There are 4 protein chains.
Amino acid sequence: MKAKTDTRRYILETALQLFLVKGYKDVSYQDLMQKTGLSKGAIYHHFASKEDILVSVFEFFVQAGEQPRGPSPEEIVKDFASFKKLLLGIRREQFAHFRKMMGGKPLRFNKMLFFLEAIVENKKLKKPVDALMKQELLFLEQCMRGMQKNGKLGKKQDIALLARNLFWMMQGAEAMLFFMSGDAKEKEFIKVYADTLEDFFSMFNF
Amino acid sequence: MKAKTDTRRYILETALQLFLVKGYKDVSYQDLMQKTGLSKGAIYHHFASKEDILVSVFEFFVQAGEQPRGPSPEEIVKDFASFKKLLLGIRREQFAHFRKMMGGKPLRFNKMLFFLEAIVENKKLKKPVDALMKQELLFLEQCMRGMQKNGKLGKKQDIALLARNLFWMMQGAEAMLFFMSGDAKEKEFIKVYADTLEDFFSMFNF
Amino acid sequence: MKAKTDTRRYILETALQLFLVKGYKDVSYQDLMQKTGLSKGAIYHHFASKEDILVSVFEFFVQAGEQPRGPSPEEIVKDFASFKKLLLGIRREQFAHFRKMMGGKPLRFNKMLFFLEAIVENKKLKKPVDALMKQELLFLEQCMRGMQKNGKLGKKQDIALLARNLFWMMQGAEAMLFFMSGDAKEKEFIKVYADTLEDFFSMFNF
Amino acid sequence: MKAKTDTRRYILETALQLFLVKGYKDVSYQDLMQKTGLSKGAIYHHFASKEDILVSVFEFFVQAGEQPRGPSPEEIVKDFASFKKLLLGIRREQFAHFRKMMGGKPLRFNKMLFFLEAIVENKKLKKPVDALMKQELLFLEQCMRGMQKNGKLGKKQDIALLARNLFWMMQGAEAMLFFMSGDAKEKEFIKVYADTLEDFFSMFNF
DNA sequence: AATGAATGAGCGTTCATTCAT
DNA sequence: AATGAATGAACGCTCATTCAT
């Protein structure tokens, strides 16, 4: 029983690694066999189909990236510096997490693309992706509100608007990084986030 | 002679349509045969390989989307309204153009994703994509400068910074639209652009 | 386990048969499927590629033709009669061996041609073919030496020279048989060997 | 009319070149188009099919290799030296002939293999090949007879037997050269012939 | 005489999946 | 829980050939 769980998780980790590097479509059972060292039958024993693997991997990915609920961002974020520190810290933790189980290989597909491919292959994954996005958006809003409370943003600033703009900018910037460099490294990603944050707030002469 | 050019172009149009709808990887010669009504051999007579089709389609796509050079955006754009009008006008024209040759089918892959897949499949396409992006960025900068000249942006505003932020925001927003609705319509795209523009400038209390 | 070995060997036997009859290039997976009754996938399960089949068939062919090491030819061969008996006996055994696993079908490609095609398709097979040839040459030398010991060849005769000449004659004669009759039978082959031997030694007025 | 003949001959020369280098089966119309610079249609205008090209090329090959009838070999050959000189001279001429129209490319298929492939592809070519072989055999017999007349071979020597043996030896040796070195050069071929001749006659203590 | 557009069968290979063991 | 034998459909691509111009 324990063994079963272990093998299942082992397959998921390996599959996620492959999906992020080659993309779902380009990962074959051949690849999975080679990388896991397991037989085709063994994989089929744990997952009904390739699509089943994708769905399970996605759940695994989401859950692995979940942050332990600490104090609300609204309370933590007091100014731009603490905002930046919090956000980059979270990204670093997430990256470290995936890095660890991926043996340091350079990622080729970023999160957004992984999401997109997942949705394209399985419509059921659309909903959780939406949820994740909204969650991130909400997170940014809470951060903004924290700054507003501390007088770093005017009382009349539309928090939701700013959050949405920043969110889209970050998404766009992250995607851009992929266009420029197919094999981006964690450090580069972090830099892109940091730069985007600076860019965003420098528009307001922070 | 006439036939050759026509058939070649016909194949390109059909392929572009399929690529934008299903993605390059998921389009097979089977699909191309069915959609064009031509035999496999006929297609191979005009294009050496599937990758050759991709590259040619890409060139075709780029060239088809090119704007006739009119007066500089710097001169046209006088305020937010004229900026918005110009940008949405261009987008509308581009969409109309592609719509026309795609028979009104709903797009599934936006430009960014088409670019990304192209790059992933053929490294040679990286350079033209980069060029296109820089061109769009430059266009936005020129628009910003036009506004600045007319006192709609402070003299000290960093034009390049603003352009970059807007560009990323628009990219992110466009991508988001795809996440939300796999089969987005032209109207929705235009709305996203318009909203993003509004969002961006409303941050400065325009 | 048993099944795998059996199927693999079964494919090899069938492939050898087809290669000897039609030539490697002209044997398609279609042919292999039809003749074996297996699916394409099944064959690919056992062999990575067509070339892999060729290499494996070649090894199989060589190993199947190997003679059990008995007493040295030098000791067995005492005169022309015993030489002829030994050589034809070996050829007969080899033929019988291949016949058996080929269901009595008339051969179309002789050994030399099979070798050549193998080399042309896969350079790695050049070495084993060379080795086989040298081995046969050595065998003939040892036979000659046996005759020399028994005074059937002059002390001063160049054993290596005679062996080489005979070897080439036999190769040439065997090839000729193929030109004359594309579908040569075992009996004809044996006759060609016998005649060539007679021809060779009759030059010395044996 | 003259043009027609010229193009036809040009195609034949090019095809022969390709056949000798790659083998009939491996030469495609693609190759022929590329090498000739002509269109597919143009080649089909002159030859009904690929097999038609083969047959025509074969005739061309045979006729191109024909020797102008001079004095009978029986009269020319007086001893081993003159025999060797005559035979090697003829071979050299033949090689020079083919070399000239092949631009110095190393041959990969020797005559015997070219013949064999031709026969395999078209049964009608069997007869002319047989005729050619018999002609060569006859030539060797006449040479032997010339030597016999001059007392260089015993009166009782069986001329036909010796000729046949030599012929086979030379065929075998030539084939061997191909096994050893896939891309044999003219000089090597000539050496093989010379060596074989020496070998053959040294058996009689010439 | 020559072009090149178009065909359709066939090639070797990869794929996700099933199933008996 | 795990193996690996077997399947059949699909893939991108090459081929010799036909035909209108």
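No hydrogens, no waters, no symmetry mates; every other heavy atom, side chains included, goes into these values. This one's a predicted model, so the numbers in the text were calculated from it and none came from an experiment. Throughout, a chain's letter reflects where its sequence line sits, starting with A, and its residues are numbered from 1.
Secondary-structure annotation of DNA chain E gives the stems E:2-21 with F:2-21, with a stem taken as at least 3 successive Watson-Crick or G-U pairs whose two distances both fall under 3.5 Å.
Between A:Ser28 and the phosphate of E:dT14, there is no side-chain N or O to OP1/OP2 separation shorter than 4.0 Å. The side chain of D:His46 contributes an N or O atom lying less than 4.0 Å from OP1 or OP2 of E:dA2. A sub-4.0 Å separation between OP1 or OP2 of F:dA1 and a side-chain N or O of A:His45 is present. Side-chain nitrogen and oxygen atoms of D:Thr7 include none within less than 4.0 Å of the OP1 or OP2 phosphate oxygen of E:dA1.
The pair D:Glu121-D:Lys25 counts as a salt bridge, with a side-chain nitrogen and a carboxylate oxygen less than 4.0 angstrom apart.
Considering D:Ile53, D:Val55, D:Leu12 in turn, D:Leu12 is the only one that fulfils the side-chain contact (heavy atoms from CB on, under 4.5 Å) rule with D:Phe60.
Figure legend: C:Lys50 and C:Tyr24 shown as a cation-pi pair, the cationic atom lying under 6.0 angstrom from the six-membered ring centre and within 45 degrees of its axis.
With rounding to whole Å, A:Met33 atom CE is found 12 Å from E:dA16 atom C1'. Taking atom CD of D:Gln34 as the reference point, atom P of E:dT3 lies 15 Å away to the nearest angstrom. For D:Tyr24 and F:dC15, the OH to C1' distance is 12 Å, given to the nearest whole Å. Going from atom CG of C:Leu54 over to atom C1' of E:dT13 covers 17 Å, rounded to whole Å. Straight-line distance from the CD atom of A:Gln30 to the C1' atom of F:dC11: 16 Å, rounded to whole Å. In this structure, the NZ atom of C:Lys25 is 12 Å from the C1' atom of E:dG12, given to the nearest Å. Between C:Asp31 atom CG and E:dA9 atom P there is a gap of 18 Å when expressed in whole angstrom units. Across the protein-nucleic acid pair, A:Leu18 atom CG and E:dA16 atom C1' stand 16 Å apart, rounded to whole Å.
For D:Ser28, the side chain to side chain contact (heavy atoms under 4.5 Å, CB included) criterion is met by D:Gln30, D:Asp31, not counting sequence neighbours. Residues passing the side chain to side chain donor-acceptor pair (under 3.5 Å) test with C:Asn122, sequence neighbours excluded: C:Glu51. Residues forming a side chain to side chain donor-acceptor pair (under 3.5 Å) with C:Tyr29 (at least two apart in sequence, or on another chain): C:Tyr44. For D:Asp52, there are no salt bridge (charged side-chain N to carboxylate O under 4.0 Å, His left out) partners, not counting sequence neighbours.
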Which pairs, protein N/O on one side and nucleotides 17-21 of chain F N/O on the other, fall under 3.5 Å?
{"residue": "F:dT17", "atom": "OP2", "partner": "D:Tyr44", "partner atom": "OH", "Å": "3.2"}
{"residue": "F:dT17", "atom": "OP2", "partner": "D:Lys50", "partner atom": "N", "Å": "2.9"}
{"residue": "F:dT17", "atom": "O5'", "partner": "D:Tyr44", "partner atom": "OH", "Å": "3.4"}
{"residue": "F:dT17", "atom": "O4", "partner": "D:Lys40", "partner atom": "NZ", "Å": "3.4"}

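Between D:Met33 and D:Ser39, the shortest heavy-atom distance links the atoms CG-C, 4.1 Å.
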Derivation and outcome, side chain to side chain contact (heavy atoms under 4.5 Å, CB included), residues B:Val129 and B:Phe58:
CA-CA 10 Å; B:Val129 166; B:Phe58 189 82; 3.3 Å; yes
